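See structure below.
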Amino acid sequence: MKNPATIRAFGVHLRALRLQKGLSQQALADEADLSRPTIQRVETAHLCASLDVLTSIARALQVPLRELLDFPEADAQS
């Protein structure tokens, strides 16, 4: 993985968005037509999500893809 800090920051952001929507990992996975382990691995930075997966997650959260990808990268330089 070339950018682990960014992947971790995205996972934190995804979890926050999911919780703001009041969704469990399973509920998000169901809405996005993904497996719960996929959501869990993205949130914990064990999986670098593809554009296809990101698009599915954004649609399931009912947010624009741009909003899904708009997250702070404070520790991305580490």
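In this text, all values refer to a predicted model and were calculated from it rather than measured experimentally.
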Mind checking side chain to side chain contact (heavy atoms under 4.5 Å, CB included) for P37 and listing every partner two or more places apart, or none if nothing turns up? S35, R41

Do you know the tightest heavy-atom contact between P72 and A9? O-CB, 3.5 Å

Provide the closest heavy-atom pair for L17 versus E67 in the form atom of the first, atom of the second, distance. CD2-OE2, 4.2 Å

Give me each pair satisfying ring-ring contact (aromatic ring centres under 6.0 Å, His included) with a member in residues 37-69, each pair once, sequence neighbours excluded. none

For R18, give me all partners under side chain to side chain donor-acceptor pair (under 3.5 Å), at least two apart in sequence or on another chain. E43

I39 and V12: same hydrophobic cluster, using ILVMFWY side-chain contacts below 4.5 Å? no

ring-ring contact (aromatic ring centres under 6.0 Å, His included) against F71, all qualifying residues, sequence neighbours excluded: F10, H13

Enumerate the ring-ring contact (aromatic ring centres under 6.0 Å, His included) contacts for residues 19-43, please, sequence neighbours excluded, ordered by first and then second residue. none

Enumerate the residue pairs fulfilling salt bridge (charged side-chain N to carboxylate O under 4.0 Å, His left out) with a member in residues 28-37, sequence neighbours excluded, ordered by first and then second residue. none

In terms of hydrophobic clusters joined by side-chain contacts under 4.5 Å, are L65 and I7 together? no

How long is the straight-line distance from CG of L28 back to CD of Q40, given to the nearest 0.5 Å? 12.5 Å

Under the side chain to side chain contact (heavy atoms under 4.5 Å, CB included) rule, collect the residues that match up with A27, sequence neighbours excluded. L23, S24

Listed pairs under 3.5 Å, donor-acceptor, residues 51-59 side chains, sequence neighbours left out:
residue: T55; atom: OG1; partner: L51; partner atom: O; Å: 2.9
residue: S56; atom: OG; partner: D52; partner atom: O; Å: 3.1

